[in-house]
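Every value quoted in this text rests on a predicted model; they were computed, and no experiment measured them.
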Amino acid sequence: MNIHNFINDWLLASNNFDTEKYLEFYEPDSILDDPSVGRQFIGHKGIKDYFESYFIGYNTNTKLVNLNIKDEENVHLEVEFTGDFSEGKLGGIFDLKFKNEKIIFAKADLIH
C-alpha cells in the first residue's frame with residue numbers, strides 16, 4: 001500500500017463530501033475515536049454519522065500539514081480544518097491504524 005496515495009485519496013474523498021467513497025477507506029468494523037466531540041463512532045454506520053455531522057454539516061475542508069509514517073500500519077497526520085464553524089480554522093490530528101489496506105482505527109482530535 002502506498003500510504004501517501006492512500007492519505008491523499010482519503011482527504012480528496014473527504015473534501016469532496018463523497019460519503020460512499022470516504023467509507024471505502026475504512027474496514028466495516030473500524031472505530032473512530034474523537035475526544036473533541038466526546039464519542040467513539042463504530043463501524044461504517046457510526047463513521048457515516050460522524051462524517052455527515054462534522055464534515056458535511058460544517059462544510060469542513062481538511063488540508064494535510066504533516067504526515068508522519070510510523071510504520072506500514074500506523075501514521076500520524078497533522079491537519080488544518082476550515083469550515084462553517086465559529087473558529088473558521090482549527091488545527092487537528094489523525095492517528096490512523098491500518099488493517100487489510102484500510103483504516104481499522106482512527107483517533108481524531110482538534111488542536112486549539
Side-chain angles (χ1 to χ4, degrees):
M1 175 171 97
N2 183 314
I3 291 176
H4 288 278
N5 289 346
F6 182 97
I7 297 300
N8 287 333
D9 292 345
W10 176 64
L11 291 174
L12 183 62
S14 175
N15 291 336
N16 286 334
F17 306 124
D18 186 340
T19 303
E20 294 310 311
K21 183 71 174 171
Y22 184 78
L23 291 173
E24 289 176 9
F25 291 91
Y26 292 86
E27 282 285 312
D29 60 345
S30 56
I31 296 171
L32 191 151
D33 181 21
D34 188 340
S36 64
V37 299
R39 282 188 58 194
Q40 284 192 345
F41 301 85
I42 299 172
H44 279 183
K45 182 181 183 318
I47 292 168
K48 179 180 179 183
D49 291 345
Y50 174 82
F51 182 68
E52 290 178 344
S53 295
Y54 298 103
F55 285 79
I56 295 173
Y58 286 96
N59 195 34
T60 301
N61 185 278
T62 308
K63 176 183 165 192
L64 180 63
V65 175
N66 188 40
L67 172 60
N68 177 10
I69 300 172
K70 297 179 179 184
D71 56 42
E72 292 180 6
E73 294 181 347
N74 297 281
V75 299
H76 174 81
L77 287 80
E78 294 175 29
V79 297
E80 179 182 274
F81 298 115
T82 54
D84 299 335
F85 39 86
S86 60
E87 297 86 352
K89 180 167 55 171
L90 290 167
I93 60 105
F94 286 101
D95 287 311
L96 305 177
K97 181 169 183 61
F98 300 109
K99 177 182 171 187
N100 301 323
E101 299 188 355
K102 294 188 183 254
I103 300 167
I104 189 68
F105 180 81
K107 179 180 178 189
D109 207 353
L110 297 175
I111 302 170
H112 296 285

Separation between [atom1] of [X] and [atom2] of [Y], rounded to the nearest 0.5 Å:
X: Glu101; Y: Ile3; atom1: CD; atom2: CD1; value: 9.5 Å
X: Leu96; Y: His76; atom1: CG; atom2: NE2; value: 10.0 Å
X: Asn16; Y: Leu12; atom1: CG; atom2: CG; value: 4.5 Å
X: Asn61; Y: Phe17; atom1: CG; atom2: CZ; value: 6.5 Å
X: Glu20; Y: Lys48; atom1: CD; atom2: NZ; value: 5.5 Å
X: Asn15; Y: Thr82; atom1: CG; atom2: OG1; value: 8.0 Å

Are [X] and [Y] connected in the hydrophobic side-chain network, where two residues link if heavy atoms are under 4.5 Å apart?
X: Ile104; Y: Leu23; result: no
X: Leu67; Y: Phe81; result: yes
X: Tyr58; Y: Leu32; result: yes
X: Ile31; Y: Val75; result: no
X: Ile42; Y: Tyr22; result: no

Whether Tyr50 and Tyr54 hold their rings parallel, tilted or perpendicular, with breakpoints at 30° and 60°: tilted
- request: Specify whether Phe51 and Phe55 have parallel, tilted or perpendicular ring planes, treating 30° as the upper limit for parallel and 60° as the lower limit for perpendicular.
  value: parallel
message: Taking the six-membered ring for Trp, are Phe6 and Phe98 closer than 6.0 Å centroid to centroid?
response: yes
Any side-chain heavy atom of [X] within less than 4.5 Å of one from [Y]?
X: Pro35; Y: Lys107; answer: yes
X: Ile103; Y: Phe94; answer: no
X: Leu77; Y: Leu64; answer: yes
X: Glu27; Y: Asn100; answer: yes

query: Just by modelled atom types, is the Tyr26 backbone N or O under 3.5 Å from a matching donor or acceptor in the His44 side chain?
result: yes
Any donor-acceptor pair under 3.5 Å from Ser30 side chain to Ala106 backbone: no
